[in-house]
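Counting from 1, the numbers follow the sequence of the chain as shown. Note that these values count all heavy atoms, side chains included, but never hydrogens, waters or copies made by symmetry.
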Amino acid sequence: MTDDDERAVQAAVAAELRLLDPDVRASPALVSELLDPEFTEFGASGRRWDAGSILTVTSAGSSDPGRPVEVSEMSGAVLAPGIVHLTYFSDNGGRRAWRSSLWRLTETGWRIYFHQGTLAD
């Protein structure tokens with residue numbers, strides 16, 4: 001991996017962890033800074049989300065701001081210039097899932113373009 005690739009992966013990891021931060025998740029404005037306008041998610045619930053539906057949920061305060069998501073096995077790869085694929089395992093109060101995110105570099109910084117969660121034992 002080149003130095004530029006390593007910096008891109010680290011920037012995407014930092015953005016993903018920020019998006020998982022309970023204080024960020026409780027703020028639609030902060031979440032909005034990290035979502036690509038074309039964002040799509042296939043959630044571990046089986047539901048399909050877009051940027052608008054995610055912001056509706058965060059503005060309703062449905063996330064638990066007191067409980068951080070535990071993350072392990074985080075890894076990333078640059079798929080093309082300005083595109084990073086992250087994979088990791090999450091445990092959110094016993095709800096465990098494998099996760100995959102695509103981040104792309106925009107004029108305003110790194111934004112999540114796609115996310116998928118798959119429940120795990």
- Decide side chain to side chain contact (heavy atoms under 4.5 Å, CB included) for S45 and R95; before the verdict, give the C-alpha distance in whole Å, the side-chain angles of both, and the deciding distance to 0.1 Å. CA-CA 11 Å; S45 64; R95 188 162 192 247; 4.0 Å; yes

- Where the side chain of D91 meets the backbone of G94, is there a donor-acceptor pair that is under 3.5 Å apart? yes

- Taking all non-hydrogen atoms of both residues into account, name the closest pair between L20 and R25 and its distance. O-CD, 3.7 Å

- Task: State which residues pass side chain to side chain contact (heavy atoms under 4.5 Å, CB included) with S27; sequence neighbours excluded, sorted by chain then number.
- Result: A29, L30

- Item | Pairwise ring pair (Phe, Tyr, Trp, His ring centres under 6.0 Å) hits with a residue in residues 86-105, at least two apart | F89-W98

- Could I get the full list of side chain to side chain contact (heavy atoms under 4.5 Å, CB included) partners for L102, not counting sequence neighbours? L79, H85, F114

- Message: Between W49 and T40, is the side chain to side chain contact (heavy atoms under 4.5 Å, CB included) condition met? List the steps.
- Response: CA-CA 6 Å; W49 302 84; T40 301; over 6 Å; no

- Message: Using a strict threshold of under 4.0 Å (side-chain N to carboxylate O), is an ion pair present between D36 and R104?
- Response: yes

- Query: Within the distance-only criterion (no hydrogens, no angle test), does the side chain of R111 pair as donor or acceptor with the backbone N or O of L34 below 3.5 angstrom?
  - Reply: no

- Backbone N/O of D121 and side chain of R96: donor-acceptor pair under 3.5 Å: yes

- Within a strict 4.5 Å, meaning less than it, do heavy atoms of the V9 and M1 side chains meet? yes

- Item | Pairing of R18 and D21 as salt bridge, 4.0 angstrom limit | no

- Message: Quick check: do L86 and S100 have side-chain heavy atoms less than 4.5 Å from each other?
- Response: no

- Are E41 and R47 close enough, and set up right, to give a side chain to side chain contact (heavy atoms under 4.5 Å, CB included), and what steps lead you there? CA-CA 8 Å; E41 175 178 340; R47 184 170 175 189; over 6 Å; no

- Residues F39, H115; criterion side chain to side chain contact (heavy atoms under 4.5 Å, CB included); working and verdict: CA-CA 8 Å; F39 173 77; H115 182 80; 4.1 Å; yes

- Tell me whether Y113 is reachable from V24 by hopping between hydrophobic residues (I, L, V, M, F, W, Y) whose side-chain heavy atoms are closer than 4.5 Å. no

- If every non-hydrogen atom of S90 is compared with every non-hydrogen atom of V69, which pair is closest and at what distance? CB-CG1, 3.8 Å

- Message: Within the structure provided, determine whether S32 and L35 are in side-chain contact (heavy-atom separation under 4.5 Å).
- Response: no

- Query: Is V84 reachable from L105 through a run of hydrophobic residues whose side-chain heavy atoms are each under 4.5 Å from the next?
  - Reply: yes

- Query: Are M74 and V13 side-chain neighbours, meaning at least one heavy-atom pair lies under 4.5 Å?
  - Reply: yes

- A44 versus A97, closest heavy-atom pair with distance: CB-CB, 4.5 Å

- Task: Decide whether F42 and I112 are clustered together by the hydrophobic rule: side chain heavy atoms of Ile, Leu, Val, Met, Phe, Trp, Tyr closer than 4.5 Å, transitively.
- Result: no

